Amino acid sequence: MKIVVLTGSPHKKGTSNTLVQEFVKGATETGHEVEVIDIAKSNIHPCLGCEACGMNGNCVQKDDGNEILSKILNSEAIVFATPVYYFGMSSQLKIIIDRFYARNGAITNKHLKAALITTAWNNDNVVMSAIEKHFQIIFDYLNFENRGMVLAKGSGYVEMMPDEYYKQAYELGKNI
Ligand SMILES: Cc1cc2nc3c(=O)[nH]c(=O)nc-3n(C[C@H](O)[C@H](O)[C@H](O)COP(=O)(O)O)c2cc1C
């Protein structure tokens, strides 16, 4: 299966990208083909809301967005990876999700498998509640099959991240 991973952390060696590596290990060991796209370092501008795409065509913007959308449409699974920023995803990641608008129907029709990997500093019952709900709603709206979410609390930097989340990310790769 072709899997696209969209990463939205500015820290190449931070917690969310560390868990992405575990995911990739599990997925490639199982025979999947994985492409990790560093959204945080890509050239992607925010959706202009211009409606030129009609939700069914290329975006007018000349950046990396259209190519990334093509890669998503050529895959069978999509994984989102982000640090928690103010109880939601990073704006680096949100920017590409808003650009899904240009191919909203095509993406919905793919019935992609989907997963979330997210990390946060805090370790309480509130920290993951909004981001988990947000992605559940996005997955439902886009007709994605939710294959799992790694919600790594108490993981503000790599050295403090509990081992259980490495295992969860690896298993998610194995079982997606
Ligand atoms: C702008 C910003 C907002 C943040 N907001 C939260 C938050 O709401 N809750 C939390 O627990 N941690 C928050 N953090 C901490 C990060 O989620 C945490 O350090 C995460 O592990 C960083 O992931 P990364 O290493 O993959 O970049 C925030 C960090 C930044 C820079």
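Bear in mind that the values here come from a model prediction, so they are computed numbers and not experimental data. Counting convention: from 1, in listed order, for ligands and their atoms alike.
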> What residues form a side chain to side chain donor-acceptor pair (under 3.5 Å) with Glu159, not counting sequence neighbours?
none
> Among residues at least two apart in sequence or on other chains, which ones pass ring pair (Phe, Tyr, Trp, His ring centres under 6.0 Å) with Tyr166?
none
> Pair up each side-chain donor or acceptor in residues 123-137 with any protein partner under 3.5 Å, not counting sequence neighbours, and list the distances.
unit_1, atom_1, unit_2, atom_2, d
Asp124, OD1, Val126, N, 3.0
Asp124, OD1, Val127, N, 2.8
Ser129, OG, Val126, O, 2.6

> Check this for me, if you would: do Glu22 and Lys25 make a salt bridge, where the nitrogen-to-carboxylate-oxygen distance has to be below 4.0 angstrom?
yes
> Heavy-atom contacts with ligand 1 below 4.0 Å: which residues, ordered by chain and residue number?
Ser9, His11, Gly14, Thr15, Ser16, Pro83, Val84, Tyr85, Tyr86, Phe87, Thr119, Ala120, Trp121, Asn122, Val127, Ser155, Gly156
> Would you call Ile3 and Phe23 a side-chain contact if the rule is heavy atoms closer than 4.5 Å?
yes
> Under 6.0 Å from the NZ atom of Lys174, do we count more than 12 heavy atoms belonging to anything else shown?
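Yes, NZ of Lys174 has more than 12 neighbouring heavy atoms, counting only those of other groups under 6.0 Å.
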